[in-house]
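Naming: A, B, ... by sequence-line order, numbering from 1 per chain.
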Amino acid sequence: MLGCANMATNSHLLLPQALHMIPRIPTLSSNNLGVSSFLPRASRLSLSRGFLNHSGSNFIDTRKRKEFIVKAEESSEGETEAVVENVAETGEDVEATVAEEAKSPRKPRVKLGDIMGILNQKAIEVQEKVRPVPEIRTGDIVEIKLEVPENRRRLSIYKGIVMSRQNAGIHTTIRIRRIIAGIGVEIVFPIYSPNIKEIKVVSHRKVRRARLYYLRDKLPRLSTFK
Amino acid sequence: MATALASKLSRGRSLLGGLSNAFSGLMNSSNGMMNGTILSRQQRTFIQMGTLLKAVDNSGAKEVMCIQSFKGGKKGARLGDIIVGSVKESAPKGEVKKGKVDAVPKGKVKKGRVVYGVVVRAAMPKRRVDGSEVKFDDNAVVIVGIKEKNKNNSDGTKKKMEYHQPIGTRVFGPVPHEMRTKKQLKILSLAQDIV
């Protein structure tokens, strides 16, 4: 919307005041579409918004500017390109025009509802580079090596059957059950945790459920793993 | 009561949530055992007054009923907290044989004694800082002190008791490493397994 405002001023009022704004504008118009804005872009946008608002009050009423925005939306594309080429060229301008022409298919807008999904995906990608996580399903018998800051030295080893897997992006957890020293113990591990040094699937047991809570009532023999 | 049961069920077993209505109708007629195991699964909660806990050391006590929880606040004690309990069941005298390794030590605890215990295993899940959770299948305490008459400091202020020395000499079963932050290092060293 901000980009459109710029276009409005460009196309309709090339005042001398506007001219000194223009070197900034191409960087905005090159990604005028959509809020596919990652943080660095967003910071630049916010800077120029302040800039724009200040000089905007000089020569144009805010209401009028909004009307221009509505009109300028469709027709803006061709006009901005023309304007941008006319203006004094800095290194940024050249790049911006090239980028604009190259990616003519419009980038899909990122909706509010997608943001958490995208953030989770990115966090998972980062963690996968550090330590890839194998495919874990309910019924797998896994061995987990965990680094516990309280325990200093050696890694703690946890073995057991995966009772359930709860998918929640970066906090995807698995619940491991095992009989330790005669007592059943269930531990929930977030599989993308940096404390986990290794996850290994040792074997698999055929189960016909997604959550094996019935194991709590069964004989301890079924939850014992050497 | 049926709705309360239904809501409890839906937390743990969503499969049965839909069936619970049918079951509640059958509750009177059908075999009690089957209903008992399916419908009585509860949300694990705190250790509070009346909770029966296993004593997992060789202090002589077998079962302890919680009377009060020290640091538990209003709701009750959790894993690692200290509770005041009354011994409901103790190891019978005949079991203790001379010369046996796990002979009960001198300060043997008998039925009816009021004791302090630290909760080493709780059925309620305990969250840890790294995002993991641990829970055990039972509630268990290790006895760390016996209640005696109030001893005051020399200047007359109330003496603060620190309960860090278990009475027994052995601890059975797994112990979580929350004991380290609770300063129960002796228990950690005696434990068979640290979870």
Side-chain angles (χ1 to χ4, degrees), chain A residues 123 127 144-160 163-164 166 168-197 199 208-220 222-225, chain B residues 9-17 33-34 36-44 53-54 56 79-80 120-141 170-185 188 190-195:
Chain A
Q127 185 61 25
I144 295 188
K145 292 212 174 101
L146 196 67
E147 178 191 311
V148 178
E150 294 167 317
N151 229 351
R152 312 140 272 159
R153 320 241 96 237
R154 301 151 295 151
L155 306 174
S156 320
I157 300 182
Y158 294 99
K159 192 170 177 180
M163 269 175 68
S164 75
Q166 307 268 22
I170 191 79
H171 196 58
T172 302
T173 62
I174 51 171
R175 178 169 260 209
I176 308 280
R177 180 179 169 82
R178 186 186 182 184
I179 303 285
I180 300 179
I183 306 291
V185 182
E186 288 175 25
I187 310 184
V188 172
F189 293 106
I191 56 181
Y192 295 114
S193 160
N195 281 339
I196 293 181
K197 294 307 169 200
I199 299 187
R208 306 199 67 187
R209 291 267 166 296
R211 312 282 156 92
L212 313 179
Y213 298 142
Y214 63 82
L215 285 178
R216 294 174 183 154
D217 300 324
K218 291 282 194 178
L219 290 176
L222 289 176
S223 302
T224 324
F225 305 98
Chain B
L9 278 177
S10 57
R11 299 283 307 265
R13 292 164 179 228
S14 52
L15 172 68
L16 292 176
M33 193 53 215
M34 179 182 86
T37 49
I38 293 177
L39 293 179
S40 63
R41 171 71 65 183
Q42 56 168 31
Q43 273 292 96
R44 301 307 182 177
L53 303 108
K54 266 179 9 186
V56 289
L79 190 61
V120 296
R121 293 202 284 271
M124 180 161 152
K126 171 97 175 101
R127 294 197 63 122
R128 294 182 170 163
V129 286
D130 60 351
S132 59
E133 276 182 25
V134 66
K135 80 186 265 240
F136 298 89
D137 272 3
D138 66 343
N139 300 312
V141 278
R170 283 183 64 188
V171 169
F172 304 110
V175 165
H177 51 68
E178 264 78 6
M179 296 293 115
R180 195 178 300 266
T181 53
K182 302 284 180 183
K183 310 275 189 302
Q184 301 287 353
L185 303 172
L188 270 183
L190 292 172
Q192 295 175 336
D193 236 302
I194 302 185
V195 171

Review point. Between B/Asp193 and A/Ala181, which heavy-atom pair has the shortest distance, and what is it?
Key: OD2-CB, 4.4 Å

Exercise for review: Compare all side-chain heavy atoms of A/Ile183 with those of B/Lys54 and state whether any distance is below 4.5 angstrom.
Suggested key: yes

Review point. Measuring from B/Ser132:OG to A/Ile176:CD1, what's the distance to the nearest 0.5 Å?
Key: 11.5 Å

Check your understanding: Is there a side-chain contact between A/Val185 and B/Pro174, using heavy atoms and a 4.5 Å cut-off?
Key -> yes

Check your understanding: When you look at NZ of A/Lys218, are more than 12 heavy atoms from neighbouring residues, nucleotides or ligands closer to it than 6.0 Å?
Key -> no

Review point. Do the side chains of B/Glu133 and A/Glu186 get nearer than 4.5 Å, heavy atoms only?
Key: no

Point to revise | Sub-4.5 Å side-chain heavy-atom contact between B/Asp137 and A/Arg177 | key: yes

